[in-house]
Amino acid sequence: MSKLFNSIFISHGAPNLILDHSDKTREFLKTLSKNHYGSVKPKAVLLISAHWEEREFTIQTKPEPDVIYDFGGFEPEMYRMKYPAKTSPELIDRVSELFAKAKIPLGKDNKRGYDHGAWMPMKLVYPEADVPIVQLSIKENLNAAQHFQIGTILRPLREEGYLVLASGGSVHNLRAIFDPKYHLDPSWASNFEAWLQNTICEKSGKEREDELLKYESLPYYKLAHPRSEHLIPVFVAAGCASPDSKGVRVHDFWKTPVFSVSSYLFSEPNN
């Protein structure tokens, strides 16, 4: 029997945190595999990144994806980094099968590389690039319910030796980082993070699902996420977890008073 891999949502932070050895998120990512999955590595990772949107859900099929430098203004070293992971034909076929069973269209992209929401954290989690990584896009309509549903259809993967990892940001307003007016009263950021933590960690089943899906009704959500692409991956990770799973905040760090990079693991009973 394969080890069950709990689904997880990580806040991947800025691309160049990989260079900052004092960064707490860097240290969290370096120890994530050992601390939360033990000595067993997954057969492959299905990675859902905030940085890949398509009209329909799309899976990456290029055997050896290049890294994408989808950022600007960083250290020259960032543009020389490589991550020579490969995709997994078996995982691609299995995801295609699950989508077909659910009668949900799934596109295939044989040219897509790894964006920084994928290669940067994975370079820290699996630095030897010895675990296959397959990216699955989010859908550009950013519909939370649809992404939660996708999580539910991917649920069997956890028991088949695969890790479903969603990569985004718990509070993600880049303008607020550099504009002092947003720092005068940062309660909008702390309130959103508190709501996210309470919903994931204190609720379960239908109650957790319903609460997550009403995020747009929160008075401070548009400040926390002017556009919700960095939040959307959390719905896939939550949907992938069983209804009686326990949400755990496994990383809690504020890069600034208005920029949170927290991560949440959905721990299955007796696992």
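Keep in mind that the numbers below use all heavy atoms, side chains included, and drop hydrogens, waters and symmetry copies. Just so we're clear, the structure is a prediction, and the values are computed from it rather than from any experiment. Residue indices begin at 1 and follow the sequence shown.
Two residues are said to be in side-chain contact when any heavy atoms from C-beta on lie closer than 4.5 Å; Leu91 and Leu157 meet this criterion. With contacts defined as side-chain heavy-atom distances shorter than 4.5 Å, the pair Lys30/His21 does not qualify. Looking at heavy atoms from C-beta onward, Ile10 lies in side-chain contact with Leu32 at the 4.5 angstrom threshold. At least one side-chain heavy atom of Val250 sits less than 4.5 Å from a side-chain heavy atom of Ser263. Val40 is listed as a side-chain neighbour of Phe5, based on a closest heavy-atom distance under 4.5 Å. The side-chain heavy atoms of Arg208 and Ser245, taken from C-beta on, include a pair separated by under 4.5 Å. For the pair Ile150 and Phe235, the minimum side-chain heavy-atom distance is 4.5 Å or more. Contact annotation: the side chain of Val131 never approaches that of Leu163 to less than 4.5 Å [non-hydrogen atoms, C-beta and beyond].
Taking every heavy atom of both residues into account, Ala85 and Ala129 meet most closely at N-CB, 3.8 Å. Nearest heavy atoms, Pro243 versus Ser204: O-CB, 3.5 Å. Counting all heavy atoms, side chain and backbone alike, Asn16 lies closest to Met78 at CA-SD, 3.8 Å. For the pair Gly117 and Ser167, the tightest heavy-atom approach, listed with the atom from each and the gap, is O-OG, 2.7 Å. Annotation for Asp210 and Lys206: closest pair OD1-NZ, 2.7 Å, computed over non-hydrogen atoms. Nearest heavy atoms, His225 versus Gly169: CE1-O, 3.1 Å.
To the nearest 0.5 Å, atom CG of residue Asp244 and atom OG of residue Ser267 are 10.5 Å apart. Distance CG/Leu46 to CG/Leu165: 9.5 Å, rounded to 0.5 Å. Taken to the nearest 0.5 Å, the CD atom of Gln146 stands 8.5 Å off from the CD1 atom of Ile104.
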Report, one line per pair, each donor and acceptor closer than 3.5 Å where one atom sits in a side chain of residues 179-186; sequence neighbours left out.
from   : atom 1 : to     : atom 2 : distance (Å)
Asp179 : OD1    : Lys181 : N      : 3.1
His183 : NE2    : Ala176 : O      : 2.9
His183 : NE2    : Ile177 : O      : 3.3
Asp185 : OD1    : Ser187 : N      : 3.2
Asp185 : OD1    : Ser187 : OG     : 2.9
Asp185 : OD2    : Ser187 : OG     : 3.4

Throw together a table of side-chain donor-acceptor distances under 3.5 angstrom for residues 92-102, partners on residues two or more places apart or in other chains.
from  : atom 1 : to     : atom 2 : distance (Å)
Arg94 : NE     : Glu160 : OE1    : 2.9
Arg94 : NE     : Glu160 : OE2    : 3.2
Arg94 : NH1    : Glu97  : OE2    : 2.5
Arg94 : NH2    : Glu160 : OE2    : 2.7
Ser96 : OG     : Ile92  : O      : 2.8

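A distance-only check finds no donor-acceptor pair linking the side chain of Ser7 to the backbone of Val164 [under 3.5 Å]. Looking at Lys222, its side chain does come within 3.5 Å of a backbone N or O of Pro226 through a donor-acceptor pair. Under a 3.5 Å cut-off, the side chain of Tyr69 and the backbone N or O of Met81 do form a donor-acceptor pair. No donor-acceptor pair under 3.5 Å is formed between the side chain of Arg158 and the backbone N or O of Asn6. When atom types are taken as modelled, the side chain of Tyr114 and the backbone of Tyr83 share no donor-acceptor pair closer than 3.5 angstrom. A distance-only check finds no donor-acceptor pair linking the side chain of Ser11 to the backbone of Gly13 [under 3.5 Å]. A donor-acceptor distance shorter than 3.5 angstrom exists from the side chain of Asp70 to the backbone of His116, with no hydrogens or angles considered. Listed for the Ser260 side chain is no donor-acceptor partner under 3.5 Å among the backbone atoms of Ser170. Counting only distance, with no hydrogens or angles, the side chain of Gln60 and the backbone of Gly113 share a donor-acceptor pair below 3.5 Å. A distance-only check finds a donor-acceptor pair linking the side chain of Lys123 to the backbone of Lys82 [under 3.5 Å].
Checking Ser262 against Gln197 by side-chain atom types alone, no donor-acceptor pair falls below 3.5 Å.
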Next on the checklist: Between Ile68 and Arg112, is the side chain to side chain contact (heavy atoms under 4.5 Å, CB included) condition met? List the steps.
Outcome noted: CA-CA 9 Å; Ile68 304 172; Arg112 175 79 186 183; 3.9 Å; yes
Next on the checklist: If you apply the rule side chain to side chain contact (heavy atoms under 4.5 Å, CB included), what do you find for Phe266 with Cys240, and how did you get there?
Outcome noted: CA-CA 9 Å; Phe266 295 86; Cys240 193; over 6 Å; no
Checklist entry - Yes or no on side chain to side chain contact (heavy atoms under 4.5 Å, CB included) for Thr61 and Thr87, after CA distance, side-chain angles and deciding distance? => result CA-CA 7 Å; Thr61 61; Thr87 54; over 6 Å; no
Next on the checklist: Applying side chain to side chain contact (heavy atoms under 4.5 Å, CB included) to Leu231 and Phe192, what does each step give before you reach the verdict?
Outcome noted: CA-CA 11 Å; Leu231 183 67; Phe192 188 87; 3.8 Å; yes
Item to check | Worked check of side chain to side chain donor-acceptor pair (under 3.5 Å) between Thr58 and Asp109 | outcome: CA-CA 7 Å; Thr58 303; Asp109 189 327; over 6 Å; no
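Within 6.0 Å of NZ in Lys24 there are 12 or fewer heavy atoms belonging to other residues, nucleotides or ligands. Within 6.0 Å of atom CD in Glu75, more than 12 heavy atoms from other residues, nucleotides or ligands are found, so the atom counts as buried in its surroundings. More than 12 non-hydrogen atoms from other residues, nucleotides or ligands lie less than 6.0 angstrom from NZ of Lys246.
Taking the six-membered ring where the residue is Trp, Tyr221 and Tyr215 present perpendicular rings, their angle passing 60° and hence far from 30°. Between Trp119 and Phe71, the angle of the ring planes lies from 30° to 60°, which puts this pair in the tilted group. Classification of the Tyr264-Phe9 ring pair by plane angle, with boundaries at 30° and 60°, yields parallel.
Within the structure, ring-ring contact (aromatic ring centres under 6.0 Å, His included) pairs that include any residue of residues 238-261 comprise Phe28-His251, His172-Phe259 (at least two apart or interchain).
Under the salt bridge (charged side-chain N to carboxylate O under 4.0 Å, His left out) criterion, Glu90 pairs with no residue at all, not counting sequence neighbours. Remark: His147 pairs with no residue by the side-chain hydrogen bond (donor to acceptor under 3.5 Å, both in side chains) rule, at least two apart or across chains. For the side-chain hydrogen bond (donor to acceptor under 3.5 Å, both in side chains) test, no residue two or more places apart in sequence or in another chain qualifies with Glu140.
Hydrophobic clustering (side-chain heavy atoms under 4.5 Å, transitive across Ile, Leu, Val, Met, Phe, Trp, Tyr) keeps Val134 apart from Val67. A single hydrophobic cluster is not seen to contain both Leu136 and Val45; linkage of ILVMFWY side chains at heavy-atom distances under 4.5 Å, directly or through other members, places them apart. Cluster membership check: Val261 does not share its hydrophobic cluster with Met120, using side-chain heavy-atom separations under 4.5 Å among Ile, Leu, Val, Met, Phe, Trp and Tyr. In terms of hydrophobic clustering, with Ile, Leu, Val, Met, Phe, Trp and Tyr side chains grouped at heavy-atom distances under 4.5 Å, Trp195 and Phe148 are assigned to a common cluster. Tracing side-chain contacts under 4.5 Å through hydrophobic residues (I, L, V, M, F, W, Y), one reaches Leu218 starting from Leu213; they form part of the same cluster.
Salt-bridge formation is not detected for the pair Glu268/Arg155: no Lys NZ or Arg NE/NH1/NH2 atom is positioned less than 4.0 Å from an Asp or Glu carboxylate oxygen. Using a 4.0 Å cut-off between charged side-chain N and carboxylate O, Glu54 and Lys139 make no salt bridge.
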